K.L.:
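Let me begin by handing over the structure; questions about it come next.
Everything quoted here is computed from the prediction, not taken from an experiment. Computed over heavy atoms, backbone and side chain alike; hydrogens, waters and symmetry mates excluded. One-based numbering along the sequence shown.
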Amino acid sequence: MTGEDFRELMDAMADPLVACDGDERVLYLNPAAERMLGWKLEELKGQPFARLLPERMHSFDGQSFLRYLLGRRRALGGRPVRAFLLCHEGPELEAEVTVGTSKEGSEERITLVLRRLPEFPDYTDEPLERLLSSVAHPRGPYPGAAGTRAYQLVFENAPLGLFHFDTTPILVACNEYFVRIIGASKRRLIGLNLFSLQDESITHCVRDVLAGRHAYYEGDYHAVTSGKVTPVRTHFAPCFNEKGQVEGGVGIVEDVTEQRSVQAERDRLFREAQEAIRVRDDFLTIASHELKTPLTPLSLRLASLERRLERKEPVDPTLLRHARQHLVRLAALINDLLDASRIEAGRLALHFEPTRLEAIVERALTSMDSERGQHRIDYSHPAESVRIRGDPYRLEQVFANLLENALKYSPADSTVRVTLDVRGDFALLSVADEGIGIPRDQQEQLFERYFRARNVSVTSYGGLGLGLYISRDIVERHGGRIWVESEVGRGATFYVALPLLSAANPTPPDPRPTTGSPQQVH
């Protein structure tokens with residue numbers, strides 16, 4: 001290997017490296033050492049290595065720092081020594097130093113490999129401990145192995161990410177919790193220049209700290225090396241020496257992933273609560289309107305009847321019929337409220353018995369005669385009887401609700417088509433109208449309690465939003481399925497599929513996309 005090849009190899013080394021001659025004069029610094037110490041090779045070349053050491057570390061047992069370490073190599077067993085080095089602008093830097101030598105005499109070369117401290121090591125080797133105890137720390141005596149161990153325990157087991165950086169600003173220490181938060185190895189993190197981070201908010205906090213101010217950061221940290229994204233909350237604080245000068249800074253990092261998740265859940269619950277309040281308020285508005293609607297004319301008709309009876313005038317049967325209709329309407333609203341309450345409590349009773357489905361449909365159609373007005377109802381059914389096992393009263397309630405909706409939401413002179421057919425193991429009933437239709441994105445919600453489509457006016461179309469909710473519960477408890485196919489402005493078709501009495505373990509059919517006629521539903 002040529003000298004140039006060797007130089008390129010040293011330049012490519014990730015660890016900082018310093019080379020000296022036998023007289024302990026600096027011959028070479030690789031780029032990693034220049035970044036770590038802040039010195040350029042041109043500034044130190046030919047200078048004594050002692051220029052990189054605090055004065056208190058110039059001599060040990062009558063020897064220079066380098067000669068002392070070289071003499072202790074066998075005792076140290078190749079382990080690094082913790083030492084203090086002077087950076088270019090004056091601050092001291094704690095680092096691990098490993099020293100080696102080659103050749104002899106005028107050809108001797110002394111090599112030092114430097115490494116920033118990734119943690120607080122527990123020094124127990126006697127010669128190394130004696131070296132450290134003989135060197136005064138700039139802020140007081142070195143605490144020794146016991147103190148270092150206690151400090152390490154606190155530092156590493158703190159339930160927060162901790163890190164320290166110097167004035168460069170280079171990250172010089174961090175704990176394992178910080179490593180887990182960031183998602184990169186400690187070896188990659190130690191030596192990281194914080195100004196190289198792409199997050200301007202973080203670099204702004206670092207500048208504030210180096211100016212002697214506390215700073216706070218909260219956001220998603222994007223790890224440069226791993227690409228990991230972690231939501232964090234960080235408190236930056238400056239470190240001062242005994243002269244009040246900033247020597248760097250520390251950071252306390254908290255992973256707020258769980259807090260964000262909890263906050264997101266709180267926000268979701270809050271939105272749901274707001275939506276529930278809105279639904280409740282809408283329901284109360286609709287319910288008061290719906291309950292008042294039959295009560296007002298009923299009160300007027302009863303007052304009219306009372307006056308006629310007082311005057312002994314003949315009573316018009318029409319008044320009695322209309323009063324009874326309003327009473328039926330009022331009772332239906334109250335029954336819907338009670339049924340919805342029973343469903344929520346799981347107490348809606350069903351009484352199953354073999355029955356003819358076409359008879360139930362015909363009774364529902366008859367009950368709608370007074371509501372039909374100018375509407376035309378076209379009913380088609382198979383020639384043979386359609387037998388199922390169900391609750392006749394509750395199924396009639398379902399079909400009557402579908403018919404009432406079809407009449408309510410379609411023009412007065414339009415046609416409502418009711419079809420009863422048999423498909424495999426199921427009876428399929430469809431009710432199609434020519435009304436306003438239902439927005440596609442709201443069709444799934446249509447069977448929820450109190451729900452009303454956004455294109456429905458409370459004043460124009462009555463109802464509590466409970467009929468379809470109750471109908472779905474009844475149909476599903478019969479082992480069937482109810483669904484809708486609709487387009488806005490082109491009417492709606494509701495389908496009810498119920499298992500036949502002869503069916504063995506039938507599976508309810510899946511609704512098909514909106515395609516048109518009931519014959520396309522299987």
K.L.:
Are V179 and S185 side-chain neighbours, meaning at least one heavy-atom pair lies under 4.5 Å?
P.N.:
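Heavy-atom side-chain distance check fails, nothing below 4.5 Å.
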K.L.:
May I ask you to decide whether E434 forms a salt bridge with R490, counting only side-chain N to carboxylate O separations under 4.0 Å?
P.N.:
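Answer for the salt bridge query: no.
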K.L.:
Is E176 salt-bridged to K186, cutoff N-O under 4.0 Å?
P.N.:
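Result for this pair is yes, salt bridge flagged.
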K.L.:
Would you give the length of the straight line joining atom CG of L52 to atom CG of L112, rounded to the nearest 0.5 angstrom?
P.N.:
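So the gap between those two atoms works out to 9.0 Å.
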K.L.:
Flag the pair F236 / I252 as yes when at least one side-chain heavy-atom distance between them is below 4.5 Å, and no otherwise.
P.N.:
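Heavy-atom side-chain distance check fails, nothing below 4.5 Å.
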K.L.:
Quick one, I482 and F447 - any side-chain contact, counting heavy atoms below 4.5 Å?
P.N.:
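Yes, side chains in contact.
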K.L.:
Nearest 0.5 angstrom please: D220 CG to D199 CG, how far?
P.N.:
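Answer for the CG-CG pair, D220 versus D199, is 9.5 Å.
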K.L.:
List for me each residue that meets side-chain contact (heavy atoms from CB on, under 4.5 Å) alongside D473, sequence neighbours excluded, and say none if there are none.
P.N.:
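Listed in chain order: I343, L348, R477.
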K.L.:
Could you tell me whether a side-chain N or O of N175 sits under 3.5 Å from a main-chain N or O of P159, the two making a donor and an acceptor?
P.N.:
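Looks like no, no N/O pair under 3.5 Å.
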K.L.:
Are T101 and R73 side-chain neighbours, meaning at least one heavy-atom pair lies under 4.5 Å?
P.N.:
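Heavy-atom side-chain distance check passes, below 4.5 Å.
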K.L.:
Ignoring hydrogens and geometry beyond distance, is a side-chain donor-acceptor pair present between E247 and T167 at under 3.5 Å?
P.N.:
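There is no such pair between these side chains.
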K.L.:
For G161 and Y177, work out which heavy atoms get closest and say how close.
P.N.:
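Scanning both residues, the minimum pair turns out to be N-CD2, 3.3 Å.
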K.L.:
Answer yes or no: is there a donor N or O on one side and an acceptor on the other, between the side chain of Q442 and the main chain of P439, under 3.5 Å?
P.N.:
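A pair under 3.5 Å: no.
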K.L.:
Are the side chain of E34 and the backbone N or O of L41 linked by a donor-acceptor pair below 3.5 Å?
P.N.:
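Here the side-chain-to-backbone pair exists.
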K.L.:
Assess whether side chain to side chain contact (heavy atoms under 4.5 Å, CB included) is satisfied between L53 and F84, documenting all intermediate values.
P.N.:
CA-CA 7 Å; L53 298 171; F84 299 94; over 6 Å; no
K.L.:
What do you reckon, are the aromatic ring centroids of F163 and F178 less than 6.0 Å apart?
P.N.:
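Ring-ring flag for F163/F178: true, centres closer than 6.0 Å.
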K.L.:
Which value, rounded to the nearest 0.5 Å, describes the distance between R67 atom CZ and I110 atom CD1?
P.N.:
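Output value for this atom pair is 4.0 Å.
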K.L.:
Are V496 and L402 side-chain neighbours, meaning at least one heavy-atom pair lies under 4.5 Å?
P.N.:
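In contact.
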K.L.:
Under 3.5 Å, is there a donor on one side chain and an acceptor on the other for S102 and E108?
P.N.:
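S102 vs E108: no donor-acceptor pair found between side chains.
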K.L.:
Mind running side chain to side chain contact (heavy atoms under 4.5 Å, CB included) on T234 and Y221 for me, showing each step along the way?
P.N.:
CA-CA 10 Å; T234 306; Y221 175 75; over 6 Å; no
K.L.:
For residues 202-215, dump all side-chain donor-acceptor pairs below 3.5 Å to protein atoms at least two apart in sequence or in another chain.
P.N.:
residue, atom, partner, partner atom, Å
T203, OG1, E200, O, 2.9
D208, OD1, R213, NH2, 2.8
H214, ND1, H235, NE2, 2.9

K.L.:
Short question: side chain of H58, backbone of F65 - any donor-acceptor pair under 3.5 Å?
P.N.:
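No, the answer is negative, given that no donor and acceptor are paired below the 3.5 Å cut-off.
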K.L.:
Taking 4.0 angstrom as the limit, do D21 and K103 come out as a salt bridge?
P.N.:
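Salt bridge: no.
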K.L.:
Mind checking whether D15 and L114 have side chains closer than 4.5 Å, heavy atoms only?
P.N.:
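Of all side-chain heavy-atom pairs linking L114 with D15, none is under 4.5 Å.
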K.L.:
For atom CD of E104, is the number of surrounding heavy atoms from other residues, nucleotides or ligands below 6.0 Å larger than 12?
P.N.:
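No - once you tally the heavy atoms of other residues, nucleotides and ligands closer than 6.0 Å, there are 12 at most.
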K.L.:
Can you list the residues that meet the ring-ring contact (aromatic ring centres under 6.0 Å, His included) rule with F165, with sequence neighbours excluded?
P.N.:
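Listed in chain order: nothing, the list is empty.
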K.L.:
What heavy-atom pair brings C87 and L93 nearest, and what distance separates the two atoms?
P.N.:
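Looks like SG-CB, 3.8 Å.
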K.L.:
Does F60 have R72 sitting over its ring (NZ/CZ under 6.0 Å from centre, angle to axis within 45°)?
P.N.:
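No.
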K.L.:
Is the side chain of D23 donor-acceptor paired with the backbone N or O of R25 at a distance under 3.5 Å, no angle test?
P.N.:
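No, D23 side chain to R25 backbone: no donor-acceptor pair under 3.5 Å.
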K.L.:
V398 versus V475: any side-chain heavy-atom pair under 4.5 Å?
P.N.:
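Counting from C-beta outward, V398 and V475 do come under 4.5 Å.
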K.L.:
If you define the side chain from C-beta out and look only at heavy atoms, does anything of C174 sit under 4.5 Å from I190?
P.N.:
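Sidechains of I190 and C174: in contact.
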K.L.:
Could you tell me which non-hydrogen atom of A492 sits nearest to which non-hydrogen atom of V484, and how far apart they are?
P.N.:
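Reported closest heavy-atom pair: CB-CG2, 4.2 Å.
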K.L.:
Where is the tightest heavy-atom contact between E43 and Q47, given as atom of each residue plus distance?
P.N.:
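Reported closest heavy-atom pair: O-CG, 3.6 Å.
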K.L.:
Within this structure, what is the CE-CD1 distance for the pair M36 and I170, rounded to the nearest 0.5 Å?
P.N.:
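CD1 of I170 is found 9.5 Å from CE of M36.
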K.L.:
Can you measure from CG (L70) to OG (S64) and round to the nearest 0.5 angstrom?
P.N.:
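Rounded to the nearest 0.5 Å, the CG-OG separation comes to 8.0 Å.
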K.L.:
With A32, which residues qualify under side-chain contact (heavy atoms from CB on, under 4.5 Å), at least two apart?
P.N.:
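Testing A32 for side-chain contact (heavy atoms from CB on, under 4.5 Å), a comparison that skips the adjacent residues, returns P16, N30, R35.
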K.L.:
Any salt bridge linking R82 with E96? Criterion: basic side-chain nitrogen under 4.0 Å from a carboxylate oxygen.
P.N.:
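Answer for the salt bridge query: no.
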K.L.:
At what distance, to the nearest 0.5 angstrom, does CG of L66 lie from SG of C20?
P.N.:
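The CG atom of L66 sits 6.0 Å away from the SG atom of C20.
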K.L.:
If you count heavy atoms of other groups shown closer than 6.0 angstrom to CD of E444, is the number above 12?
P.N.:
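Open.
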K.L.:
Under the side-chain contact (heavy atoms from CB on, under 4.5 Å) rule, collect the residues that match up with S59, sequence neighbours excluded.
P.N.:
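S59 satisfies side-chain contact (heavy atoms from CB on, under 4.5 Å) with no other residue.
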K.L.:
Taking all non-hydrogen atoms of both residues, which atom of A406 and which atom of V431 are closest, and how far apart?
P.N.:
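The answer is CB-CG1, 3.9 Å.
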K.L.:
What pairs with E265 under side-chain hydrogen bond (donor to acceptor under 3.5 Å, both in side chains), at least two apart in sequence or on another chain?
P.N.:
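Once residues adjacent in sequence are excluded, the partners of E265 under the side-chain hydrogen bond (donor to acceptor under 3.5 Å, both in side chains) criterion are R268.
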K.L.:
With distance as the sole criterion, is a donor-acceptor pair present between the side chains of E485 and Q443 under 3.5 Å?
P.N.:
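No - no donor-acceptor pair under 3.5 Å links their side chains.
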K.L.:
Taking all heavy atoms of V18 and all of A33, pick out the closest pair and write down the distance.
P.N.:
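V18 and A33 have their closest heavy atoms at CG2-CB, 4.3 Å.
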K.L.:
Run E254 and Q259 through side chain to side chain contact (heavy atoms under 4.5 Å, CB included) and show every step you take.
P.N.:
CA-CA 10 Å; E254 182 181 6; Q259 290 92 321; 2.7 Å; yes
